[in-house]
Peer 1: 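I'd like to ask you about the structure that follows.
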Amino acid sequence: MSRIAILSALAQEQHGLLALLLQPQKVQRAGRDFWLGHLHGHSVVLALSRIGKVAAATTATALIEHLAVTRILFTGVAGGLAPDVQVGDVVVASSFVQHDLDASPIFPRFELPLYGRAVLACDEILSALLFQAARDHLAEASAAAPARHRVHRGLIASGDRFVSAQAQSVTLRRALQRAGHKALAVEMEGAAVAQVCLDYGVPFAAVRTISDRADDQAHLDFATFVREVASQYACAIIGRALRSLSNK
Ligand code: SAH
């Protein structure tokens with residue numbers, strides 16, 4: 001029987017999904033709470049990755065080793081990095097890079113030592129499913145209340161830093177660009193989960209709603225967005241994706 005993990009970084013992103021969980025059962029591992037149950041006909045586990053790459057890697061490993069998950073989806077918020085990625089837009093990851101990984105000059109900047117690559121691809125089928133779910137959700141939401149939010153699909157950069165200054169964001173985007181990486185958004189967990197999933201051969205995909213522009217305003221925009229809308233996006237997009245996913 002397949003079991004899907006649904007990870008979020010923050011409790012505010014998770015509480016809506018938790019409220020919908022049928023037959024919830026709490027299991028504790030690695031100092032974390034894992035919620036087993038059923039959602040839209042699927043056997044699922046809801047978990048908080050916690051914040052940052054190491055915490056997220058521990059959570060992903062515990063999900064695979066102890067809770068026998070067969071697929072992992074991540075839903076959360078991120079800072080917009082590319083100029084056209086605005087607050088309220090949705091970014092579905094096609095791949096991840098760790099923007100703070102630098103073992104140069106031994107390895108090229110951003111390359112994962114001994115993996116022979118910097119970019120970790122997401123599962124194509126799951127990523128396409130999240131993309132469609134996000135587009136359908138935004139189309140329906142804008143029919144009710146017109147808004148110009150967009151859904152993007154592409155590279156997301158992860159690192160152990162909340163990017164909250166325009167200068168930092170520009171430097172980061174340019175450094176990635178020089179190495180041939182066009183990052184749409186920045187967050188703190190995705191690439192770590194992607195690496196664990198690559199190691200174990202577990203399909204992984206992620207959707208992030210843009211809470212801020214990773215600029216001087218980021219801390220204020222982030223707090224408001226997380227409080228007011230993050231959970232609704234998570235419920236709506238993950239709900240749609242699960243409903244259109246076969247539960248074999
Ligand atoms: N004190 C905050 C810390 C949140 S850190 C709190 O607990 O409320 C920011 C979280 O949102 C991380 O999980 C990260 O993945 C994501 N995020 C949103 N905007 C970001 C940005 N501009 N830079 C890095 N991560 C960001």
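Every number for a ligand or one of its atoms is a count from 1 in the order of the listing.
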Peer 1: Could you list all the salt bridge (Lys or Arg N to Asp or Glu O under 4.0 Å) pairs where at least one residue sits in residues 87-112, not counting sequence neighbours?
Peer 2: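 Found Lys53-Asp100, Asp102-Arg109.
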Peer 1: Go through the structure and list residues passing side chain to side chain contact (heavy atoms under 4.5 Å, CB included) with Arg240, not counting sequence neighbours.
Peer 2: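 Arg240 satisfies side chain to side chain contact (heavy atoms under 4.5 Å, CB included) with Ala133, Asp136, His137, Glu140, Arg243 once adjacent residues are dropped.
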Peer 1: Ignoring hydrogens and geometry beyond distance, is a side-chain donor-acceptor pair present between Arg153 and Ser127 at under 3.5 Å?
Peer 2: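 A donor-acceptor contact under 3.5 Å links the two side chains.
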Peer 1: Considering only N or O atoms, set out every pair between ligand 1 and the protein closer than 3.5 Å, with distances to one decimal place.
Peer 2:
{"unit_1": "ligand 1", "atom_1": "13 (O)", "unit_2": "Glu189", "atom_2": "OE1", "d": "3.4"}
{"unit_1": "ligand 1", "atom_1": "13 (O)", "unit_2": "Glu189", "atom_2": "OE2", "d": "2.7"}
{"unit_1": "ligand 1", "atom_1": "15 (O)", "unit_2": "Met188", "atom_2": "N", "d": "3.0"}
{"unit_1": "ligand 1", "atom_1": "15 (O)", "unit_2": "Glu189", "atom_2": "OE1", "d": "2.7"}
{"unit_1": "ligand 1", "atom_1": "15 (O)", "unit_2": "Glu189", "atom_2": "OE2", "d": "3.4"}
{"unit_1": "ligand 1", "atom_1": "15 (O)", "unit_2": "Arg208", "atom_2": "NH1", "d": "3.2"}
{"unit_1": "ligand 1", "atom_1": "19 (N)", "unit_2": "Gly79", "atom_2": "N", "d": "3.4"}
{"unit_1": "ligand 1", "atom_1": "19 (N)", "unit_2": "Asp212", "atom_2": "OD2", "d": "2.8"}
{"unit_1": "ligand 1", "atom_1": "22 (N)", "unit_2": "Val163", "atom_2": "O", "d": "2.9"}
{"unit_1": "ligand 1", "atom_1": "22 (N)", "unit_2": "Asp212", "atom_2": "OD1", "d": "2.9"}
{"unit_1": "ligand 1", "atom_1": "23 (N)", "unit_2": "Val163", "atom_2": "N", "d": "2.9"}

Peer 1: Please tabulate, one pair per line, all N/O donor-acceptor pairs under 3.5 Å involving side-chain atoms of residues 214-227, not counting sequence neighbours.
Peer 2:
{"unit_1": "Asp215", "atom_1": "OD1", "unit_2": "Gln217", "atom_2": "N", "d": "3.1"}
{"unit_1": "Asp215", "atom_1": "OD1", "unit_2": "Ala218", "atom_2": "N", "d": "3.3"}
{"unit_1": "Asp216", "atom_1": "OD1", "unit_2": "Gln166", "atom_2": "N", "d": "2.7"}
{"unit_1": "Gln217", "atom_1": "NE2", "unit_2": "Asp221", "atom_2": "OD1", "d": "3.4"}
{"unit_1": "Thr224", "atom_1": "OG1", "unit_2": "Leu220", "atom_2": "O", "d": "3.0"}

Peer 1: To the closest 0.5 Å, what do you measure between CG (Leu48) and CZ (Phe34)?
Peer 2: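 Spacing of CG (Leu48) from CZ (Phe34) equals 9.0 Å.
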Peer 1: With the threshold set at 4.0 Å, does a side-chain nitrogen-carboxylate oxygen contact exist between Glu189 and Arg208?
Peer 2: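 Arg208 and Glu189: salt-bridged.
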